[in-house]
Amino acid sequence: FLARLFLFLLSSFLFAFFIFLLKTMDKNRRLKEFKFNSKGSDSRHKRREYAVSLRKDKRAQKLNKRRDMEVFNQQVEEFTQSDIGQAIVNLRPTIENDDDPGQHNALVQLRQYLANNKTLPIQATINSGVLPKMVEMLSWEHQPETQYEAAWVLTNVSSGEQHQTYAVVEVEAIAPLCALLMSDILKVKDQACWCLGNIAGDGAELRDVLIENGALDQFIFMLQEEDNLDLLRNVSWSLSNFFRWRNPPAPMEKMGEALSVIADRINTQDPELLANLCWSICYIAEAKDEYLNGICDTFGNIFIDILSLKSHNAQLPALRALGSVTAGEDDQTQMVMELGLLPLCHNLFRSKKANIRKDACWAVSNVCAGNFDQIDVVIEENLVEPIIRLCMSDPVGKVRQDAAWCLCNLASRGDVRHCDYVINNEGVKAIANVFNINMDVKALLVFLEAFSHVLDRGAVIGEENDTDNLVASLLEEDQCVDKFTVLLDHPELKVAEFVGHLIDTYFYEADDVDGLGPEVGDGQYEFGTEKNYDDNFDV
């Protein structure tokens with residue numbers, strides 16, 4: 001009898017210990033899945049890649065503006081692309097003849113062709129074979145006007161596609177351009193800076209070539225020492241391009257040096273310079289977790305001041321930098337909360353710029369993935385109601401998804417009180433409104449986890465009140481079960497198994513699932529709901 005009793009007690013202890021381990025593992029898994037605090041997190045990586053894409057679009061807009069700056073004394077003659085190509089070929093003999101008195105005028109004509117946005121003959125310029133002469137002219141210290149025009153030609157060529165930027169590098173333009181950063185002629189220095197910024201902004205490989213040639217050191221030095229505002233704007237923009245790329249990132253020690261210099265410049269009253277500085281900080285925050293605490297301590301209050309304004313070009317990088325800090329550990333999330341970000345989110349949610357609304361939701365979703373006290377603050381700040389409104393009515397699909405992510409984390413990462421709050425305040429309907437079978441796997445699992453929590457809580461409430469599971473009924477009304485059924489055939493096994501569990505537990509027996517899916521039309525699943533997924537963001 002004692003032996004049987006001992007075995008019974010031992011087996012009970014082992015079973016309880018096993019359950020404890022499962023719960024601990026599940027908690028850790030959920031933390032990793034719902035809070036973007038891991039360098040390897042797919043969700044955070046996507047946000048970083050999105051930031052790169054956004055910044056590249058901004059660079060293109062700025063370059064177009066730069067090309068339009070020149071006020072021509074006479075109208076540039078309009079050619080077809082083939083005509084301009086031939087015209088550039090015809091200019092080459094004059095440009096390459098150092099004894100021809102028309103050499104400089106021919107160089108100016110070439111630059112004007114490249115400044116004409118209607119044709120923009122970048123490839124024609126490369127094909128003409130004039131780039132080596134442009135590089136030679138960069139060293140003509142006795143003719144600074146020629147240096148300037150040649151650098152401008154190379155700037156516009158480097159603003160093109162990647163292979164066109166590489167064409168500038170392949171004619172060995174980097175070293176003489178770096179040398180021009182020390183020119184005594186302001187506009188020559190400024191133009192060389194612009195061209196190198198284009199090259200740095202085209203990818204990590206070319207950025208690293210620039211670093212090997214000392215360009216990054218020179219830009220950090222110029223940011224510290226220069227006092228001309230136009231040049232500082234250009235230097236700060238170019239510097240931010242060195243930190244955009246994270247595969248691999250720029251050298252960590254250079255990030256630290258840049259942050260130190262930026263801290264001395266960050267109080268500028270110039271909006272463009274401030275925005276460029278904030279982009280550098282933002283990119284460093286996304287690339288290196290080691291700098292998150294320092295960034296929050298040094299720049300946090302300035303970011304809050306920027307976000308308190310009705311509108312500012314620096315708001316997006318400031319918000320994104322703080323969002324990266326909230327993506328860290330709970331104590332880092334708390335640092336941002338204590339700065340006062342959450343109260344500002346009411347106005348940020350109403351921003352006319354979709355990127356601001358989206359990133360505000362992203363930051364709040366990270367808070368909702370924090371500890372229970374942090375989740376309480378989100379509710380106390382009355383942020384759930386505007387988040388639900390974004391889920392239900394924002395015209396941009398990605399804003400709706402990030403808003404719903406907040407509610408998913410609230411239901412999944414919180415305690416019973418938080419889950420009940422989502423249920424009792426139409427949060428389930430908001431999540432269901434955003435839920436879409438075409439989401440990526442990461443998002444699907446987050447949404448399904450939230451559905452699991454609210455369905456489980458709905459079942460408990462139903463048992464306590466002797467009623468049906470009202471959450472299950474709501475999801476049936478909103479056609480979520482039809483979507484679950486389609487996902488049974490999802491290629492990702494985790495998704496298929498998850499929806500199978502939800503259906504078996506809360507809706508139908510497994511044998512009743514066949515035939516419940518929606519109709520298929522034009523290769524897409526149709527649920528009778530209007531689709532409005534506008535991915536065009538205002539910058």
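Please read these numbers as outputs of a predicted model, since none were measured by experiment. Starting from 1, each residue takes its place in the sequence as its number.
- In summary, Asp190 and Lys187 do not engage in a salt bridge, as defined by a charged side-chain N under 4.0 Å from a carboxylate O.
- Between Ala314 and Ala275, the shortest heavy-atom contact is CB-CA, 3.7 Å.
- Residues Val153 and Val130 are not in side-chain contact: their nearest non-hydrogen atoms beyond the backbone lie 4.5 Å or more apart.
- Closest non-hydrogen pair, Gly160 versus Asp202, comes out as O-OD1, 4.3 Å.
- Looking only at side-chain heavy atoms (C-beta outward), Met137 and Leu107 come within less than 4.5 Å of each other.
- Arg400 pairs with exactly one of Asn436, Leu390, Asp394 by the side chain to side chain contact (heavy atoms under 4.5 Å, CB included) rule, that one being Asp394.
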Q. Should Ile266 and Leu274 be marked as a side chain to side chain contact (heavy atoms under 4.5 Å, CB included) after you check the CA-CA gap, both sets of side-chain angles, and the distance that decides it?
A. CA-CA 6 Å; Ile266 197 67; Leu274 179 59; 3.7 Å; yes
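- When all heavy atoms are compared, the tightest approach of Pro248 to Arg207 is O-NH2, 2.9 Å.
- Closest non-hydrogen pair, Gln191 versus Trp152, comes out as CG-N, 3.5 Å.
- At least one side-chain heavy atom of Ile295 sits less than 4.5 Å from a side-chain heavy atom of Phe303.
- Side chains of Gln374 and Gln334: a donor on one and an acceptor on the other come within 3.5 Å.
- The closest donor-acceptor contact from the side chain of Asn409 to the backbone of Ser365 lies under 3.5 Å.
- A 6.0 Å sphere centred on CD of Glu141 holds no more than 12 heavy atoms belonging to other residues, nucleotides or ligands.
- Counting only heavy atoms from C-beta outward, the side chains of Thr326 and Met337 never approach each other to under 4.5 Å.
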Q: Please lay out, stage by stage, how Asp305 and Leu309 fare under the test side chain to side chain contact (heavy atoms under 4.5 Å, CB included).
A: CA-CA 7 Å; Asp305 291 341; Leu309 300 174; over 6 Å; no
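- Using a 4.5 Å heavy-atom threshold, the side chains of Leu410 and Ile387 count as separate.
- The closest side-chain heavy-atom distance from Val364 to Phe349 is below 4.5 Å.
- Annotation for Gln143: atom CD counts as buried by contact number, over 12 foreign heavy atoms lying within 6.0 Å.
- Every residue two or more places apart in sequence or in another chain that forms a side-chain contact (heavy atoms from CB on, under 4.5 Å) with Glu136 is listed here: Asp98, Lys133, Trp140.
- In terms of modelled atom types and a separation under 3.5 Å, the side chain of Ser238 and the main chain of Cys193 share a donor-acceptor contact.
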Cut-off 3.5 Å, no hydrogens considered: what does the side-chain donor-acceptor table look like for residues 209-220, sequence neighbours left out?
unit_1 : atom_1 : unit_2 : atom_2 : d
Asn213 : ND2    : Val209 : O      : 2.8
Asp217 : OD1    : Lys254 : NZ     : 2.6
Gln218 : NE2    : Cys178 : O      : 3.1

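- Counting heavy atoms of neighbouring residues, nucleotides and ligands inside a 6.0 Å radius, atom OH of Tyr166 exceeds 12 of them.
- A pairwise comparison of heavy atoms in Ala151 and Cys195 identifies O-CB, 4.4 Å as the closest pair.
- Between the side chain of Ser158 and the backbone N or O of Thr155 there is at least one donor-acceptor pair closer than 3.5 Å.
- For the 3.5 Å distance criterion, the side chains of Gln332 and Asn293 qualify, holding a donor opposite an acceptor.
- Put simply, the side chain of Val367 does not reach to within 4.5 Å of the side chain of Ile375, judged on heavy atoms.
- Considering only heavy atoms from C-beta on, Lys358 stays 4.5 Å or farther from Cys361 through its side chain.
- Remark: aromatic rings of Trp194 and Trp237 are close, center separation under 6.0 Å.
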